[in-house]
Structure formats: C-alpha cells, structure tokens
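Okay, structure first, notes after.
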Amino acid sequence: MDAALQILFGGLFQGSLFAMMAVGLALIWTTIGVFNFSHGVMMMLGAYVAWQLSAWSIPLFIVLPATMLIMAGVGWLLQASVVRPLIGRPNIVLVVVITTLAAASLVENGVLEIWGPRSKQLPTLIEGNTQILGVGVSMHQIAIILITPVILGALWLFLNRTRLGLALRAVAQNEDASLLVGLNVTALYGLAFAIAAALAALAGIFMGGYRFMSPVMGADPLLKALIVVVFGGLSSISGPIFAAYLIGFFEAICSYYFGLYWTPALLFAVLILMLMIKPEGLFGAKTRGLA
Amino acid sequence: MSGLLEITNLTAGYGRIDVLHDLTMTIGAHGNVGLFGPNGHGKTTLLRAISGLVKARSGSIRFGGADIANQTPRSIVGLGLVHSSQGNRLFPDLTIGECLALGAYTPRARAQEEANRERALKIFPKLGERWNQKVRTLSGGERQMVSIGTALMSNPAMLILDEPTLGLAPKVKEELCRAVLDISAGGIPLVVVEQDVEFLLELSQHLYLVNHGQVAAEIKPGQTMGHADIMALYFGQ
Ligand SMILES: Nc1ncnc2c1ncn2[C@@H]1O[C@H](COP(=O)(O)OP(=O)(O)OP(=O)(O)O)[C@@H](O)[C@H]1O
Ligand SMILES: [Mg+2]
C-alpha cells in the first residue's frame, strides 16, 4: 500500500513537471517546425525572475502570473531574434538548433553574471507537509499535481475551442494557405514561443520550490522534455502530455524498485526499444500538426 | 473605381528570374475575367502577386482604388480580394468545419460568417455531410470544394480561382463547373484560370491570354470568339 501510494505521488509529480515542459516544446515544433533548445533556460530564467520578484517581497500570487507574463515576452523576443530571421531556409531545423543553443548559453551566462553562482531557493507554492493514507507529502507537490492538469486542460481548450488556437494549429500545416485566409503568421510564431516560455517558467517556479536553483537547472528538464516528445509523438499536444505522465510513473517505479542510479538507463532502453517498434512515437501520427 | 482590379506594368518573379514582364491588365470592368495560356507562363505567379504572396518588383496593383502592391496577404484578403490557389493542399489535419472557420478569420469575414457558411453549404452540400472529416482524407474533388468553400467564407468582393477543375474526373469536374457558375450567378465577380477553354468561354465575357509573362491577347465582350479562334491564339497563327 505504501509503495503504491509513493509511486502514485512520485509519478504524478514528475509527470506534471515533464508535461509542463514538454507541451511547450511540442507547441513550437507543431507550429513552426523547429526544436527550441533554449526551452531549458527559459525554465531556469523563469525561476530566477520569480526569485527576484519574491526577493522584492512581492507576494507569490502576483509573482506567478507576473513571471509568466515576463517570460512570455522573453519567449517572443527569442523567437524574433533567433528564429524568425531564418524562416524559409531549407535547413531551418538544424540552423535553429544552433541558434537556440547559442541563445541558451548566452542566457545561462547572463544569469550567472546577474545573480551569481550561489544556489537559491524559491518559496513553495503552499507551505507545509501532510499525510495522505500514512504517506507524507509536501503541500508544494500536491499543489503542482493539482495545478498542472488545470493549466494543460486550459491549453487544450485554447487550441481546440478558440479561433486563435485553430490558427496556431493551422499555421504549420500550410503557410501559403494560412496567409491567404489572413493569418498573421509571424505573430502566431511569436505566440507559440510566448506560450511555451510562460509554461516553462511555471515549471521553473515549480522546481525552484523544492530544489536549489542554479543557472544549469534547465538542462535536465530540457532533456526529459525531448524524451517525452519523442516518446509521445509530435503530432499533437495530447500525445506528449500522456507520455509525460507515463514516463513520470515509469521513473517512479524504477527508482522505487531499482534506485535512482538505474532509472535513466532503463528509461533510455525503453525509449530505444519503442523507437524501433513505433518510430512516430507512442501516440503519434506520421505528420506534424497540433490537436 | 470601386470593385476594379487594375494591374499596371507589373514585373514579378522568383529569385533572379522575372516571370511577369511589364504586365498590364484590367479586371472587373466587363464581368468575370478568364485567364488562359500555356503552362508555366505566369498565370499562377500573377495571381500570387495580386494576393501578396509574390513581391511586385515594379508596377502597381490597385483594387477598388487602393494600392495593394506589396501589401501583406492578410490586408489584401481583408479587403475582400480572396484567392483559392492552384492545387491547394489546404490544412491536412484540420476538419472541413475547421477549414471553413479559418476562412472567416478576417474581421470583415467574421461579421458575415453565418451567411457565408450557409451560402458555401448550399453550393457544396457535400461539405456539410463531411463536416468533421479531416482534409487529408478527402478526394481531389472534395478538397477543391473545401478550398473554394473556404474562400467563400472569406466574404469575397472578388474571388480568384486558380484552375478549380485541375486533374478532376469529368463528372466531378462538371459538378465544380456548375458550382463556379452558381457562385458567379450569386453576384461575386470572378477571376478564373482554366485550361478548359469551353468552360472559360461559358463563364466569362472578358479573357486574357497570358504568354511569356505578358498579355498576348485580350478578348473583350462583344468580340465573338469561338473555340477555334482561341486555339489559333494559343498556338499562334
Ligand atoms: N516558387 C517558385 N520558385 C521559382 N520559380 C517558380 C516558382 N513558382 C513558379 N516558378 C516558375 O515561374 C514560371 C511561371 O510559373 P506559373 O506557376 O506562374 O505558371 P502557370 O502559367 O500558372 O502554369 P500552369 O498552367 O502550369 O499552372 C515557371 O517557369 C515556374 O517554373
Ligand atoms: Mg498555374
């Protein structure tokens, strides 16, 4: 009983973090067709911005939306500076890998310069711990487990039930046709980056509340998000969301029975096996498109 | 003059190559306009320049008095100059209903969305039956219907159709020709590129032969012009 509960909480918690990171990556891939290797530093920068705002003793319920808004702006700028000028190039996927990696290293060093190397910690979303059926969990983790599905559900509704969301899903599928119905393609590209960065920032705030922050804290979550989208398939955002929780549970089970040390190796083994059997991803269709 | 599309000394092309050379043409003064000409001589390029997808290197394009040369496609469709492009793949992963909803994206079109949807479904009842089907699973004819239907949703003041019957089997082609005639009868002025000269003659009173990126011949209303004359124009006397 204890084991099952611990795995359940661990899986939901990790899955939430993975999902929050992965949807942004998937959103950018499905709208623009590039991989954003700055996604990890967007998470990290989000955590630092939130830390700075908290240090000015702004209350958390303002820090949260303010950070997401600021980071949405940063995401927009990132897109305008290192992605938009390259759109239309035949080798755009590779070039953007390089430009976003460059931007990532720039941001990383900038953060180091501004906030220094000393590790910091964010306040938790909700303080304290609680017992659920005899298992101790922090309120911070419970908050993350509960907030994430709400945010992801809102994103899903936005993409599937609003005309702007429809435009975001359409723009990747046919640029000329998008232009001919009057979509503002560059603005939609900016919007995809803005949403992705805001969600990454939220993940950063989640993480900064239970772990020490550092300028490189985004590297591992970026890798995990990449794994999640490859695993879940890139044809939709629901695929990566399911995959995120699946991997969360897989990790929780592995680390419970085999220990943290073996978890990454086992995860990669499963990933490679799955890619051999179903290269388009677990829930993926063979094309790009968002739903 | 309102409703008139005037192209003056237009030069446009791709990369280092000019496709259109100093092309001048007036559209809308004498009803529907039909464009024809050999493959690869710039008909599609002309239509793309009109709707802002291809840069005009020199010359002017005026629609209803406003200069639209090198405006964004978004502002051009916003004026009601709507383009259903050649061999349109559309949005493969959207449903028919979603495609039509996107057609009504501009504020101008959104105000008329209900009426335009009704009109599109009246002309293409099949779209209503397949409302939730993904575009990628449609046949060529059905896809063409979605393309024109989406254009109708943009509330066109003038509608540009680039080869609406390209590659279709005779029966489906017949269906689409009738639909295009219906649209015209509904009062929307058309600019149509077609290989099928018979259809073009039935639809339009005003024709241009586009050859080597220029207007090689113009047939105005009143000038009777039969199939044989057109063929003579096509292949040179
Ligand atoms: N995207 C492009 N890049 C470079 N050249 C192009 C492009 N599109 C068309 N062309 C060239 O421009 C010329 C005119 O092509 P266009 O499509 O305008 O002709 P068309 O009259 O519409 O022909 P068709 O009847 O086959 O549709 C052709 O030589 C074509 O190869
Ligand atoms: Mg053509």
Under 4.5 Å, heavy atom to heavy atom: which of residues 67-88 of chain B reach chain A? Give them by number, or say none. B:P73, B:R74, B:V77, B:H83, B:S85, B:N88
Could you report the tightest heavy-atom contact between A:S178 and B:F91, atom names first, then the distance? OG-CE2, 3.4 Å
Give a yes or no on whether B:I17 atom CD1 has more than 12 heavy-atom contacts from other residues, nucleotides or ligands under 6.0 Å away. no
In terms of heavy-atom contacts, does CZ of A:F268 have more than 12 from other residues, nucleotides or ligands at under 6.0 Å? no
Below 4.5 Å, heavy-atom pairs only: which of A:L180, A:D176, A:V185 has the largest tally toward chain B? A:L180
Residue A:F250 excluded, over 12 heavy atoms near CZ under 6.0 Å: yes
Could you go through A:R169 and B:D93, starting from their C-alpha distance and side-chain angles, then the distance that decides it, and tell me whether this counts as side chain to side chain contact (heavy atoms under 4.5 Å, CB included)? CA-CA 9 Å; A:R169 288 189 288 133; B:D93 287 317; over 6 Å; no
Does anything in residues 100-118 of chain B get under 4.5 Å of chain A by heavy atoms, and if so which residues? B:A101, B:L102, B:G103, B:A104, B:Y105, B:T106, B:R110, B:E113
Sorted by number, residues from residues 74-101 of chain A in contact with chain B (heavy atoms, under 4.5 Å): none
Set of ring pair (Phe, Tyr, Trp, His ring centres under 6.0 Å) partners for B:F36, sequence neighbours left out: B:Y234
